[in-house]
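The structure appears below as structure tokens.
In this text, all values refer to a predicted model and were calculated from it rather than measured experimentally. Quick note on labels: first sequence line is chain A, next is B, and so on, each numbered from 1.
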Amino acid sequence: MTSTGAEPTRGDFIRDIIEHDMGTGRHGGRVVTRFPPEPNGYLHIGHAKSICLNFGIAEQYGSRCNLRFDDTNPAKEDVEYVDSIEHDVRWLGFSYGNQALYASDYFDEMYELAEDLVRGGNAYVDHLSDDEIREYRGSLSAPGRPSPYRDRSVEENLGFLRQMRAGELPDGTCVLRARIDLSASNMKMRDPLLYRIRHAHHDRTGDAWPIYPMYDYAHPISDAIEGITHSLCTLEFENNRELYEWVIDRTGVSEKHGVSRPQQIEFARLKLDYTVMSKRKLLLLVEDGLVAGWDDPRMPTIAGMRRRGYRPEAIRAFADLIGVAKVNSVVDIGKLEFCVRDDLNWVAPRVLGVLRPLKVTITSWAEGEVEELTGPYFPADVGKPGERTLPFGREIVIDRDDFALDPPPGYQRLAPGRTVRLRHGYCITCEDVVVENGEVVEVRARHVPDSVGKKPAGIDVSGVIHWVSAAHAVPAEVRLYDRLFKVPRPDEGDGDLARSLNPDSLQVIRDAVVEPSLANAEPGSHWQLERVGYFVVDTEDSRPGALVLNRTVTLRDSWQGAADPESPAPAAEESHERSAKAKTRPPKKSRTEYRAEARLRDPVLGERFATWPATYGIPEDDVDLLTGDRATGDLFLAAVTEGGGRPAAVARWIVNELPPALGERELADTRLSGPTLGTLLSAVESGEITAQVAKDVFAEMVERGADPRAIIAERGLAQVNDEGAIAGIVDQVVAANSGKADQYRGGKTALFGFFVGQVIKASQGKANPQVVQKLVRDRLG
RNA sequence: UCGGGGGUGGUGUAAUCGGUAACACAGCAGGUUCUGGUCCUGUCGUUGGGGGUUCGAGUCCUCCCCCCCGAGCCA
């Protein structure tokens with residue numbers, strides 16, 4: 001396994017859609033995406049997922065992904081963020097042409113289109129206050145009502161809009177609203193705001209604009225202007241899609257630019273456990289001084305992860321690992337750590353460093369004598385070249401954790417009387433210990449002569465430990481980072497972030513030492529301190545002579561003796577109570593209720609519902625489904641009375657097979673007739689054709705009103721019952737899948753369905769399934 | 001007058017036409033190893049629940065349950 005940066009990206013539902021669009025030529029074979037951050041905060045790992053998705057698709061199709069700043073709200077935005085965002089995107093390894101784009105570049109065109117909307121009666125200026133607008137908008141379960149200003153003349157509206165644009169009106173005086181539908185069940189369509197007045201200075205347009213467009217207006221237009229084909233956003237914008245399409249449609253902006261209309265596709269945003277992802281909460285951490293800044297190595301920001309020592313390759317591998325879907329999910333942060341280790345394993349040279357030094361005197365080694373040992377930078381399995389020298393002398397230091405007076409079972413380190421190997425060096429045997437105030441302050445040991453690179457004969461070596469020559473040790477400050485929060489879901493509960501913080505998320509060790517080869521390590525360089533973890537030389541605080549190392553991630557530690565204080569999250573007892581938010585929402589009406597209402601409105605349906613169970617002897621559940629509308633019931637009636645179908649069979653077929661055959665169509669829009677349905681079902685019941693074939697025929701009947709008899713006759717679709725004929729197919733299938741046949745005989749009986757399926761498929765659905773089953777069973781015995 | 005989107009192992013994501021529930025992480029058990037790392041092997045599952053259609057259902061029909069989103073002059 002290698003670092004996964006170059007591995008092929010797995011398919012996902014978005015790429016499926018794109019593939020499909022390429023096939024149908026929906027966008028003229030083009031794929032153009034965009035990443036549209038608002039410059040009001042730093043990018044985090046969640047954005048990284050979106051960046052990898054959008055830019056990854058562009059790379060995959062050899063096309064383009066635009067970086068476009070959604071700078072439509074000057075009150076919240078800042079150039080500081082623009083710079084950091086551009087830097088982060090490039091650091092992740094993506095490029096976006098010559099320069100970043102800005103929604104504000106399109107303000108002129110947006111305004112022109114807004115006037116068009118007014119002229120076309122599709123927008124109006126509303127003088128209601130914000131409170132009134134909210135009130136007039138209604139609620140989730142009650143329709144809104146129109147503003148008294150909704151029906152002013154085009155001329156009046158145009159006049160007000162131009163006053164707004166000219167800066168003649170103070171903030172809040174009025175707004176431009178789309179004129180759609182105050183009773184829409186989608187709240188986003190209840191005459192949404194398009195422009196609001198903001199006498200604010202904009203970083204790019206200066207004071208040129210006293211009005212600014214809303215997201216729902218600016219976004220689709222920006223996409224269209226740039227010729228975006230697939231506009232990917234997160235799930236919470238699903239309700240906005242209808243409005244997105246309305247704007248594209250009513251402004252005609254795509255047609256004006258001669259491009260296909262962009263389509264919005266939503267996917268689930270990334271959630272990670274043991275961290276928070278919302279910009280607001282991250283800002284809170286920074287402002288409250290809970291972390292040292294946006295680039296604090298504990299932050300899930302790209303800047304923070306970079307400083308922590310994560311490489312872009314790891315982040316991209318992570319994005320690839322977690323995939324893209326529409327399910328709200330929470331990713332285990334261990335997966336990120338896995339990607340980081342998997343990446344660093346191949347790039348970080350191995351060196352020795354001691355975090356909590358314990359002095360070891362090699363009593364058998366002459367004072368002042370130094371031996372230059374050598375050690376490769378990489379283990380054999382990584383197989384990269386390079387080595388450095390490791391001076392060894394009478395006095396060395398080892399980690400306190402690597403010595404125990406009273407070693408626990410399974411301890412593979414140093415203890416009184418035991419021998420361990422010093423990594424790349426001699427084996428040493430502990431023969432004495434100096435204790436002061438109950439604490440071991442020095443270990444005295446003898447070295448085993450001639451044990452470098454050789455197994456010492458007759459001596460049991462407990463393990464291998466890391467060490468540094470005391471005389472040559474390079475002092476270092478080591479910052480041990482751990483997850484910022486101690487609970488898996490800091491977002492839940494009362495939301496008091498401070499109380500969920502992990503008090504041990506940062507531990508600073510000032511008296512660590514590392515081997516001399518690290519003395520001039522470059523800021524930003526990655527190292528593995530063997531047996532300790534991966535580290536990066538801090539880019540901000542490390543100085544020549546004052547090394548600062550950040551722990552990027554620990555090594556995987558499978559030693560049970562290693563006390564692991566991170567107790568796994570107590571499986572949050574699944575509460576069967578509805579969530580607080582769910583309770584505030586009105587209940588949905590079921591389909592049963594809709595059908596019942598339809599029957600109340602239409603006495604004919606009501607009568608059918610009441611009498612059919614007895615008249616035709618079919619289950620009430622089926623009757624319910626047949627009597628929710630006239631067309632379905634009429635079809636049933638015709639199939640039974642005119643087509644001679646058996647009522648129960650007709651009902652079952654209409655209930656189970658009609659909806660999928662219909663797809664998006666309405667029954668009334670098809671040429672399906674009751675009598676032909678009756679004919680088809682009689683053919684099935686008599687054994688003339690198989691159910692499988694009947695479904696295919698039925699699809700054509702729905703599609704083009706075909707006559708089942710004709711299709712069956714023309715194509716020779718009669719059911720095949722002849723054992724000899726079927727046995728031939730069975731033999732072919734078994735021969736073609738001899739490996740699977742062996743597996744089956746070996747006990748993998750789940751393959752039975754596979755073989756039956758293959759045979760039936762080979763017979764084009766005509767083979768009698770019971771006969772096929774019997775023969776397959778006989779043949780595979 | 002409510003509407004929209006979802007539910008596959010502990011976790012994330014797959015599964016052509018309805019036809020072997022797969023891959024990875026984590027866990028557990030071994031093996032290799034001068035890192036308790038890496039690597040290798042094995043092990044762990046009947047798709048939220050019920051009913052139905054079908055020779056065969058994660059996939060189709062149906063009822064129920066659960067979760068998420070929407071009433072900013074935020075994005």
Students often get this wrong, so: under 4.0 angstrom with heavy atoms, is [X] touching a base, only sugar-phosphate, or nothing?
| X | answer |
| --- | --- |
| A:D216 | nothing |
| A:V330 | sugar-phosphate |
| A:D621 | nothing |
| A:R423 | base |
| A:Q770 | sugar-phosphate |
| A:S329 | sugar-phosphate |
| A:T554 | nothing |
| A:K326 | sugar-phosphate |
| A:G463 | nothing |
| A:V655 | sugar-phosphate |
| A:T592 | sugar-phosphate |
| A:Q773 | base |
| A:K740 | base |
| A:P143 | base |

Legend entry - Candidates A:V771, A:I760, A:V776, A:N721 - the one meeting side-chain contact (heavy atoms from CB on, under 4.5 Å) with A:I726: A:V771

Among [options], which is the nearest nucleotide to the side chain of [X]?
| X | options | result |
| --- | --- | --- |
| A:E238 | B:G72, B:A75, B:G4 | B:G4 |
| A:L555 | B:U62, B:C73, B:G37 | B:G37 |
| A:N345 | B:G4, B:G37, B:C34 | B:G37 |
| A:S185 | B:G3, B:A75, B:U62 | B:G3 |
| A:K695 | B:A57, B:C68, B:A75 | B:A57 |
| A:P379 | B:A71, B:G37, B:A75 | B:G37 |
| A:A325 | B:U13, B:A71, B:U11 | B:U13 |
| A:K589 | B:G70, B:C2, B:C74 | B:C2 |
| A:I322 | B:G19, B:U20, B:G12 | B:G12 |

Inset, instruction - Tell me whether the guanidinium CZ or amine NZ of A:K740 lies under 6.0 angstrom from the six-membered ring centre of A:F755 and within 45° of its axis. - result: no

In whole angstrom, what separates [X]'s [atom1] from [N]'s [atom2]?
| X | N | atom1 | atom2 | answer |
| --- | --- | --- | --- | --- |
| A:F752 | B:A57 | CZ | P | 12 Å |
| A:Q692 | B:C55 | CD | P | 10 Å |
| A:K76 | B:G72 | NZ | C1' | 9 Å |
| A:Y217 | B:C74 | OH | C1' | 19 Å |
| A:R241 | B:G3 | CZ | P | 17 Å |
| A:E266 | B:C68 | CD | P | 19 Å |
| A:Q743 | B:A21 | CD | P | 11 Å |
| A:L625 | B:G52 | CG | C1' | 11 Å |

Legend entry - Near-ring test A:Y244/A:Y217, centroid separation under 6.0 angstrom: no

Inset, instruction - State yes or no: are the ring centers of A:Y195 and A:Y212 separated by less than 6.0 Å? - result: no

Inset, instruction - Please work out whether B:G72 sits syn or anti, treating a glycosidic angle within 90° of 0 as syn. - result: syn

Legend entry - A:K279 atom NZ, neighbour heavy-atom count above 12 within 6.0 Å: yes

Inset, instruction - Assess whether atom CD of A:E242 is packed by more than 12 heavy atoms of other residues, nucleotides or ligands within 6.0 Å. - result: no

Is any side-chain N of the basic residue among [X] and [Y] closer than 4.0 Å to the acidic one's carboxylate O?
| X | Y | result |
| --- | --- | --- |
| A:R177 | A:D126 | yes |
| A:E266 | A:K326 | yes |
| A:K188 | A:D216 | no |
| A:E387 | A:R350 | no |

Inset, instruction - May I ask you to test the A:F35-A:L43 pair for a side-chain heavy-atom distance under 4.5 Å? - result: yes

Inset, instruction - Report the C-alpha separation of A:N345 and A:D342 in whole Å, then their side-chain angles, then the decisive distance to 0.1 Å, and conclude whether the side chain to side chain contact (heavy atoms under 4.5 Å, CB included) test is met. - result: CA-CA 5 Å; A:N345 180 43; A:D342 190 44; 5.6 Å; no

Distance test, side-chain N/O of [X] to OP1/OP2 of [N], below 4.0 Å:
| X | N | answer |
| --- | --- | --- |
| A:R421 | B:G36 | no |
| A:T72 | B:C74 | no |
| A:S558 | B:G37 | yes |
| A:R198 | B:C74 | yes |
| A:R269 | B:C68 | no |
| A:R585 | B:C68 | no |

Please write out each protein N/O paired with an N/O of nucleotides 26-33 of chain B under 3.5 Å, distance rounded to 0.1 Å.
none

Identity of whatever pairs with [N] - Watson-Crick or G-U, under 3.5 angstrom:
| N | result |
| --- | --- |
| B:C39 | B:G31 |
| B:G70 | B:C2 |
| B:U47 | none |
| B:C25 | B:G10 |

Legend entry - Of A:E593 and A:G753, the one whose closest RNA chain B nucleotide lies more 5': A:G753

Legend entry - Residue whose closest nucleotide on RNA chain B lies nearer the 5' end, A:S141 versus A:L529: A:S141

Inset, instruction - Using the P atom as the reference point in each nucleotide, state the distance between B:G48 and B:A29 in Å, no decimals. - result: 31 Å

Inset, instruction - Provide the distance between the two P atoms, one in B:G18 and one in B:C61, to the nearest whole Å. - result: 11 Å

Inset, instruction - Report yes or no: is the ring centroid of A:F754 under 5.5 Å from the six-membered base ring centroid of B:G19, with the two planes under 30 degrees? - result: no

Legend entry - Any N/O donor-acceptor pair, A:R413 side-chain to B:G36 base, under 3.5 Å: yes

Legend entry - Under 3.5 Å donor-acceptor pair, A:E657 side-chain atoms to B:U53 base atoms: no

